[in-house]
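See below for the structure under consideration.
Lettering follows sequence order; numbering is per chain, from 1. Note that the structure is a prediction, hence the values are computed from the model and not measured.
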Amino acid sequence: MAKIQLNGRKIELNNKYSISKMLKKYKIDSKKIAVELNGKIINRNKYDLIYLKNKDKIEIVHFIGGG
Amino acid sequence: MKKDIFKLSNQILKSRLIVGTGKYKNFKETAEAVKASGASMVTVAVRRVNIVDKKKPLLTDFLNPKNIKYLPNTAGCFNADESLRTLRLAREMGGWKMVKLEVLGDKKTLYPDMIETLKATKVLVKEGFQVLVYCSDDPLLAKELEYLGASAIMPLASPIGSGQGIQNKINLSFIIKNAKVPIIVDAGIGTASDATIAMELGCDGVLVNSAIAKAKKPVLMAESFKNAVISGRQSFLAGRMQKLFYADASSPSRGLI
């Protein structure tokens, strides 16, 4: 069981989750976002390769309206 | 006459009006206003994805970044590090190199923190970003930003979202006359005539959000801004008449009965 922080919310993932799998779980289109894991930006080619582990802090951002 | 081209770094923009996409009632209104404004570039903010409400509409569904240039901003950032983090994420999202840097120093006035702004500009330029910089209307600091490699200087007209119009025409004029990079008035424009005045002063472009989004009829106001910016630019290029102290009759006195 991995306890991670996703966009400031505590969540638990019960089996091995890659970034790609986690994005799918939350129905997030990987083409429209950027991911930061523990303060480091993750290249989108690596979403399949990187697995989330306990105490990871992940931020997923996208564009919204702004001036 | 030479064609009047608006070039930011290596990109040619069709319109000298750049519009913000915040504060609208909904994305449909945003998209309609953007279309009416004729803008070919819009500013956007970087924020957390809402992981709870998955059905929430997305800006990209209404404004396709393939058809309109996105200019990611750093709104809400209060130091250089936060703004660098935001723009690096923006670049990762879709390769955006042209960005709007905005480092705020004070929550009430949203006045830019120029020390942090200069710091962030230096790093961004080094990292290959094309940086459009929101800044105070200080002519010396504007020049400093140019030395650091900013692609455009964006002095405020008055506080962000205040709609108070151009408060310091003289400083703006100093900045314009002294600059070798485009000057875009950003923040504080209240109504279409403010944009015309900015363009008549010789600005290269205008960035408007609240004045359109907060108008009673945003789509109509967007069109009004489109015309105001074109009008102001034409007026600047045409060159205004000299002001005279006394009257000078328009009809000839010869042949007067």
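Screening V35(A), V61(A), I60(A) for a side-chain contact (heavy atoms from CB on, under 4.5 Å) with L89(B), the sole residue that qualifies is V61(A).
Only the side chain of V52(B) comes within contact range of chain A, with at least one heavy atom under 4.5 Å from a heavy atom of that chain. Only the backbone of I42(A) comes within less than 4.5 Å of a heavy atom of chain B; no side-chain atom from C-beta onward does. In this structure, chain A has heavy atoms under 4.5 Å from both the backbone and the side chain of A90(B). Residue contact with chain B, scored on non-hydrogen atoms closer than 4.5 Å, involves the backbone and the side chain of I33(A) alike. With a 4.5 angstrom heavy-atom cutoff, I64(A) touches chain B via backbone and side-chain atoms both.
For chain A, the option among I160(B), I51(B), L58(B) with the highest count of heavy-atom pairs below 4.5 Å is I51(B).
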I'd like a table of the N/O donor-acceptor pairs between chain B and chain A - cut-off under 3.5 Å, distance only.
| from | atom 1 | to | atom 2 | distance (Å) |
| --- | --- | --- | --- | --- |
| T21(B) | N | G66(A) | O | 2.8 |
| T21(B) | OG1 | G66(A) | N | 2.9 |
| T21(B) | OG1 | G66(A) | O | 3.4 |
| T43(B) | OG1 | G66(A) | O | 2.9 |
| A45(B) | N | I64(A) | O | 2.9 |
| A45(B) | O | I64(A) | N | 2.8 |
| R47(B) | N | H62(A) | O | 3.0 |
| R47(B) | O | H62(A) | N | 2.8 |
| R48(B) | NE | E59(A) | OE1 | 2.7 |
| R48(B) | NH1 | N7(A) | O | 3.4 |
| R48(B) | NH2 | E59(A) | OE2 | 2.8 |
| V49(B) | N | I60(A) | O | 2.8 |
| V49(B) | O | N7(A) | ND2 | 2.9 |
| D61(B) | OD1 | K32(A) | NZ | 3.1 |
| N73(B) | ND2 | G67(A) | O | 2.3 |
| R85(B) | NE | E36(A) | OE1 | 3.3 |
| R85(B) | NE | E36(A) | OE2 | 2.6 |
| R85(B) | NH2 | E36(A) | OE1 | 2.5 |
| E92(B) | O | R44(A) | NH2 | 2.9 |
| E92(B) | OE2 | R44(A) | N | 3.0 |
| M93(B) | O | R44(A) | NH2 | 3.0 |

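Nearest heavy atoms, A45(B) versus G65(A): CB-O, 4.1 Å.
In this view, K122(B) satisfies the salt bridge (charged side-chain N to carboxylate O under 4.0 Å, His left out) rule with no residue, not counting sequence neighbours.
Once rounded to the nearest 0.5 Å, the distance linking CG of L63(B) with CZ of F63(A) reads 12.5 Å.
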